[in-house]
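Working notes for the structure below.
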Amino acid sequence: MDTFADYILNEKDLAAKIEIVYYLAKKEKIYFNKSVIVKTELARLFLKYNKLGLDENLILTACLLCGCKKIENSTNLDEIRSYAKRGADYLETLGFDKKFCKICEGVNRYSQINLREKESDVLELVEQFGGMILDRPERIGLEPDEAMVLLIHRNLKNQYNRYVEIFSQFIDMLQEINMGEFLEIKALKKLVKIYNETDDLIEFIKKVINNYEPQLEKEIDKRYQEIKEEMFNEKNVQNNRPLFSEETTKKILKSIEERKQVLTSN
């Protein structure tokens with residue numbers, strides 16, 4: 001007999017997966033709010049535009065569920081330190097295997113897990129960075145640049161995270177994407193603006209899935225096309241003397257498609 005874990009992991013469409021967790025949260029009273037969607041969207045973009053060789057479906061499911069036992073705005077240190085472990089234990093009762101539960105438990109470092117799963121490193125990055133750029137009762141959200149500095153030099157100081165440098169480059173790239181029609185607004189600012197201006201959870205999910213995602217991906221793809229055109233502009237190539245051999249050109253174009261983070265080094 002299929003478990004809840006089988007059901008949600010077999011659903012590959014993220015919008016449908018979000019709907020499943022929404023109704024689970026209604027039934028089980030688990031933690032699920034707009035901040036979960038923001039962090040999951042960060043993870044989705046990071047995985048899509050960086051070829052890390054990870055299971056996107058597994059990680060996005062974990063993003064939606066790893067904080068299921070978090071208590072909103074808690075100031076109790078025991079609750080803060082134990083929510084990931086309590087969540088992992090709960091997820092095991094829903095049929096998730098030990099590896100998935102270990103990935104979710106590794107969203108923070110409080111459990112002192114040896115041999116952390118690499119997927120946990122992605123959860124850690126989006127959980128901490130996403131949390132810092134959003135408003136909290138005790139402070140307003142940080143600017144993305146400030147959040148990244150704190151993430152690297154405070155939160156992860158003396159901690160090893162496999163993907164932190166790639167993630168930092170990725171955030172730099174997002175900071176270069178303008179999503180404003182009349183006034184300039186950067187990609188992350190636009191996401192935070194939607195978050196702040198939309199109180200209803202369902203409405204927020206619709207805006208992110210139906211509006212924000214397609215617009216941002218269009219702008220990112222346009223940016224990559226501009227880079228390719230700039231690199232291979234015929235005006236920059238001497239007559240009868242190609243800048244690159246055909247074989248080299250193919251390799252470079254393939255590299256651009258497979259490693260989107262090259263933007264930050266140009």
Side-chain angles (χ1 to χ4, degrees), residues 4-5 8-9 21 24-25 28-44 46-47 52 54-55 58-142 144 146-168 170-171:
F4 175 83
I8 193 168
L9 286 170
V21 178
L24 176 71
E28 296 289 318
K29 301 293 189 285
I30 63 173
Y31 181 87
F32 185 70
N33 59 19
K34 294 187 297 178
S35 70
V36 176
I37 305 303
V38 169
K39 294 165 186 176
T40 303
E41 175 64 8
L42 287 172
R44 186 193 72 82
F46 181 52
L47 294 170
L52 304 179
L54 301 176
D55 186 333
L58 185 73
I59 292 175
L60 296 184
T61 305
C63 278
L64 292 170
L65 292 168
C66 66
C68 60
K69 288 300 178 179
K70 186 185 289 188
I71 298 175
E72 191 163 15
N73 300 326
S74 175
T75 57
N76 184 303
L77 287 179
D78 289 336
E79 291 176 346
I80 294 170
R81 290 169 177 166
S82 66
Y83 84 82
K85 177 65 170 68
R86 290 184 287 109
D89 292 342
Y90 169 71
L91 292 173
E92 190 170 356
T93 69
L94 298 182
F96 290 98
D97 62 25
K98 291 189 180 299
K99 178 179 178 179
F100 183 89
C101 296
K102 185 181 176 184
I103 289 169
C104 291
E105 187 176 351
V107 68
N108 58 40
R109 305 273 173 158
Y110 292 118
S111 293
Q112 301 294 318
I113 296 173
N114 292 323
L115 300 175
R116 279 169 57 84
E117 300 291 339
K118 53 191 176 182
E119 294 86 355
S120 295
D121 282 0
V122 176
L123 296 190
E124 178 179 60
L125 293 170
V126 299
E127 170 67 24
Q128 297 200 29
F129 180 81
M132 285 191 282
I133 64 173
L134 299 178
D135 290 351
R136 294 178 59 86
E138 70 277 13
R139 60 148 177 83
I140 61 172
L142 301 178
E146 296 174 317
M148 185 54 63
V149 169
L150 288 177
L151 176 63
I152 294 172
H153 297 289
R154 184 191 65 183
N155 296 23
L156 295 180
K157 185 178 181 180
N158 301 323
Q159 302 285 359
Y160 173 66
N161 185 297
R162 299 166 180 83
Y163 307 114
V164 65
E165 290 186 11
I166 301 174
F167 186 73
S168 178
F170 172 70
I171 295 302

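Heavy-atom basis, side chains included; hydrogens, waters and symmetry copies ignored. The structure displayed is predicted, hence computed values, not measured ones.
Among residues two or more places apart in sequence or in another chain, the ring-ring contact (aromatic ring centres under 6.0 Å, His included) test is passed with F129 by F167. Remark: E165 pairs with no residue by the side chain to side chain donor-acceptor pair (under 3.5 Å) rule, at least two apart or across chains. Every residue two or more places apart in sequence or in another chain that forms a side chain to side chain contact (heavy atoms under 4.5 Å, CB included) with N161 is listed here: R109, D121, E124, L125, L156, Y163, V164. E138 is linked by a salt bridge (Lys or Arg N to Asp or Glu O under 4.0 Å) to R136, counting only residues two or more places apart in sequence or in another chain. Residues passing the side chain to side chain donor-acceptor pair (under 3.5 Å) test with S82, sequence neighbours excluded: R86. Partners of K34 according to the side chain to side chain donor-acceptor pair (under 3.5 Å) rule, which considers only residues two or more places apart in sequence or in another chain, do not exist here. Every salt bridge (Lys or Arg N to Asp or Glu O under 4.0 Å) that K70 has, sequence neighbours left out, goes to E127. In terms of the salt bridge (Lys or Arg N to Asp or Glu O under 4.0 Å) criterion, D135 has no residue partners (sequence neighbours excluded). Every residue meeting the side chain to side chain contact (heavy atoms under 4.5 Å, CB included) condition with T93, not counting sequence neighbours, appears here in chain and number order: Y90. Residues satisfying the side chain to side chain donor-acceptor pair (under 3.5 Å) test with T61, not counting sequence neighbours, are K17. Taking E72 as the reference, Y31, N33 meet the side chain to side chain contact (heavy atoms under 4.5 Å, CB included) condition, with sequence neighbours excluded. Annotation: side chain to side chain contact (heavy atoms under 4.5 Å, CB included) contacts of A62 (sequence neighbours excluded): F100, I103, C104, L123.
The closest side-chain heavy-atom distance from L52 to I166 is below 4.5 Å. Counting heavy atoms from C-beta on, the side chains of F32 and I37 come closer than 4.5 Å. Side-chain contact between F96 and I8 is present, with at least one heavy-atom pair separated by less than 4.5 Å. Counting heavy atoms from C-beta outward, L65 and L24 have side chains that approach closer than 4.5 Å.
Taking every heavy atom of both residues into account, M148 and I171 meet most closely at CE-CG1, 3.5 Å. Closest approach of V126 to C63, counting heavy atoms only: CG2-SG, 4.1 Å. Minimum interatomic distance between I80 and N108 (heavy atoms only, all atoms of both residues): O-ND2, 4.3 Å. Across all non-hydrogen atoms, the minimal contact from E105 to A88 is CB-CB, 3.9 Å.
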Go through M132 and E146 one step at a time and tell me if the side-chain contact (heavy atoms from CB on, under 4.5 Å) criterion holds. CA-CA 9 Å; M132 285 191 282; E146 296 174 317; over 6 Å; no
Criterion side-chain contact (heavy atoms from CB on, under 4.5 Å) on I71 and N76, from CA distance to verdict: CA-CA 9 Å; I71 298 175; N76 184 303; over 6 Å; no
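Interatomic distance, CD of Q128 versus CD1 of I152, reported as 11.5 Å (0.5 Å rounding). The distance from atom CG of L91 to atom CG of D97, rounded to the nearest 0.5 Å, is 11.0 Å. From K85, atom NZ reaches atom CD of Q112 across 14.0 Å, with rounding to the nearest 0.5 Å. Atom OG1 of T40 and atom CD1 of I59 lie 11.5 Å apart (nearest 0.5 Å). For the atom pair I140 CD1 and I133 CD1, the distance stands at 13.0 Å (nearest 0.5 Å). Atom CD of E79 sits about 12.0 Å away from atom NZ of K69, to the nearest 0.5 Å.
Enclosure of atom NZ in K118 is not indicated, since only 12 or fewer non-hydrogen atoms of other residues, nucleotides or ligands lie within 6.0 angstrom.
At a threshold of 4.0 Å, the pair E41-R44 counts as salt-bridged, since one of the basic side-chain nitrogens sits closer than that to a carboxylate oxygen.
Using cut-offs of 30° and 60° for the angle between ring planes, the F170 and F46 rings count as tilted.
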